[in-house]
Amino acid sequence: MSADAREARWYVGATVVAPMLIVLAPDVLLVSALAAMVAFRVRRGRVPGQAPKVASNDLMATGFAFALGGLWSAVDGAGGAEAITSALRFSMVPIGFAVVRGSARVDLRPAIWLGAVAGSIAAGTVSMVMLLFAGMGRPTSAVNPIHFGEMALLLGFVAMVTRGLGVGDERRIARWTLVAIVMSLTASVLSQSRGGWLAIPVVVIVALVHHLRSPSARRVRYVAVLVLVLTPVTIVALNANDRAALRAFDRGISETVDYVASHGRPEAAGATSIGARFEMWRSAFAGFRHSPALGVGWGNMDDRFAEDVAAGVRAERIGEHEHPHNQYISHLGSGGIVGLVTLLALLATPAWIGARALRSADDDLRALGAAGLLVTLGYALFAMTDSVFETASPLVFFVAAVGTVVAQIDRLESEQVFVYPAPDGMEQPQRPLEGPRTNAL
């Protein structure tokens, strides 16, 4: 087998297996898998004749800025071992982007759809097994239930928008995609990931815009069938486990109202789950005001919480946490303005790339753009109630999903046909840009 064929199989296998691995496996296994990917890329080296990777280069630049901003704040804040851990975790972003950047040499379009379907079904199956046979009140895998529900939700909608990238019988692809969406939504609801549910309207809008842009009546019918199927599934999932998901939603609303009514007094409503979040946000923002440029330093936020608890200005419950459960406020408090700017750049760059591709006339480019955009927008909303880049599982998911999609966008854009004007003003025959095309599936 040639080196190119081995590389193609390697990337295809990783693209299909990665979603299941990330959603189900513990963090240590994910870090080990990333290390194996790095070793593969280092051994492979740079291959002459690679297609241009303009968008991937932009993504890598923002990834490096993100990691360097975290390192700068960690060193300046002298947070000790926790600061080193944070800096190493953030360094996984540019490293991961560099690893998947090479996948632009391989056609991974069918593998992206298949991986999303496999990951969605795995997440849904695990959640139902844990609920029915393990008696787990909040079903999850080896991953935190909040992250589990968020990633499962995105996988189902990625499968939906990339349905046209699948290879095989169209009806069979449509059926498996429908199963994937049902399973992903089931996993999301059962996990009681309330913060993740905030992203559902935006994710649905992106998916519908992608599908309804086509005049095909078949796609319109598919969306109608999807709504008819998901409605009873959602109702059943919400009422499962003694209506645990509905009770979690109601509890979130009541705790928010109670905290607002208490005028932020920590002794009144700060001990609840939502109240503690508000308390942590206020404490972290106070840290930013004290050190606006670089924040209190990564690894020092728990000390900041402890100081406020000792001073009696914040609820005791926040002393149990190391981050404020809001990525924007976390970056602002721990990394200052530098941290927040690099975080926004990390989200804005793939969102811009995805939005640009979504406007393309090419069906495959539009599907890839929709996938990249809904993942990025999903994370932008998840970040409002969760620190999604401070745990390995959601961080690796973001890097792998966004990096792979952007690499495939680069691949397709490099194969677009361009017209070069002749000296006499007449158009010469069209010809594609240089670059090999490797069909992996």
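Values below: all heavy atoms of this structure, side chains included; hydrogens, waters and symmetry mates excluded.
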Measure from the side-chain N and O atoms of [X] to the backbone N and O of [Y], and report whether any donor-acceptor pair falls under 3.5 Å.
X	Y	value
Arg366	Ser360	yes
Ser103	Leu108	no
Ser184	Ile181	yes
Tyr379	Pro394	yes
Gln327	Phe389	yes
Asn300	Val296	yes
His210	Val161	yes
Ser188	Leu185	no
Thr272	Gly275	yes
Ser73	Leu294	yes

Salt bridge flag under 4.0 Å for residues Asp308 and Arg304: yes

Ring-face cation of Arg356 near Trp352 (centre distance under 6.0 Å, axis angle within 45°): yes

If we only count heavy atoms from C-beta on, is the [X] to [Y] side-chain gap below 4.5 Å?
X	Y	value
Arg101	Asn57	yes
Met301	Glu322	no
Val16	Pro19	no
Leu344	Tyr328	yes
Met60	Pro94	no

Full working for side-chain contact (heavy atoms from CB on, under 4.5 Å) between Leu346 and Thr342: CA-CA 6 Å; Leu346 184 65; Thr342 58; over 6 Å; no

All side chain to side chain donor-acceptor pair (under 3.5 Å) counterparts of Ser393, not counting sequence neighbours: Asp27

His331/Phe66 under ring pair (Phe, Tyr, Trp, His ring centres under 6.0 Å): CA gap, chis, key distance, verdict: CA-CA 10 Å; His331 260 77; Phe66 180 80; 5.2 Å; yes

Where Val100 and Val399 come nearest, the two heavy atoms and their spacing: CG2-O, 4.4 Å

Gln192 versus Trp197, closest heavy-atom pair with distance: CA-CZ2, 3.7 Å

Residue pair Met151, Val143: steps toward the side-chain contact (heavy atoms from CB on, under 4.5 Å) verdict: CA-CA 10 Å; Met151 293 186 292; Val143 179; 3.9 Å; yes

Check: Ser273/Arg277 side-chain N/O donor and acceptor closer than 3.5 Å: yes

Distance-only donor-acceptor check, side chains Glu279 and Tyr259, under 3.5 Å: yes

His323/Trp298 under ring pair (Phe, Tyr, Trp, His ring centres under 6.0 Å): CA gap, chis, key distance, verdict: CA-CA 10 Å; His323 56 74; Trp298 291 101; 9.6 Å; no

Ring geometry between Phe278 and Trp281 (parallel below 30°, tilted from 30 to 60°, perpendicular above 60°): perpendicular

Residue Met384 excluded, over 12 heavy atoms near CE under 6.0 Å: no

From CA spacing to verdict: side-chain contact (heavy atoms from CB on, under 4.5 Å), Val167, Trp113: CA-CA 9 Å; Val167 173; Trp113 171 80; over 6 Å; no

Say you draw a straight line from [atom1] of [X] to [atom2] of [Y]; how long is it, rounded to the nearest 0.5 Å?
X	Y	atom1	atom2	value
Ser56	Gln408	OG	CD	9.0 Å
Phe97	Asp58	CZ	CG	11.5 Å
Leu358	Ile409	CG	CD1	9.5 Å

side-chain contact (heavy atoms from CB on, under 4.5 Å) between Arg109 and Thr162, worked out: CA-CA 8 Å; Arg109 284 171 288 178; Thr162 59; over 6 Å; no

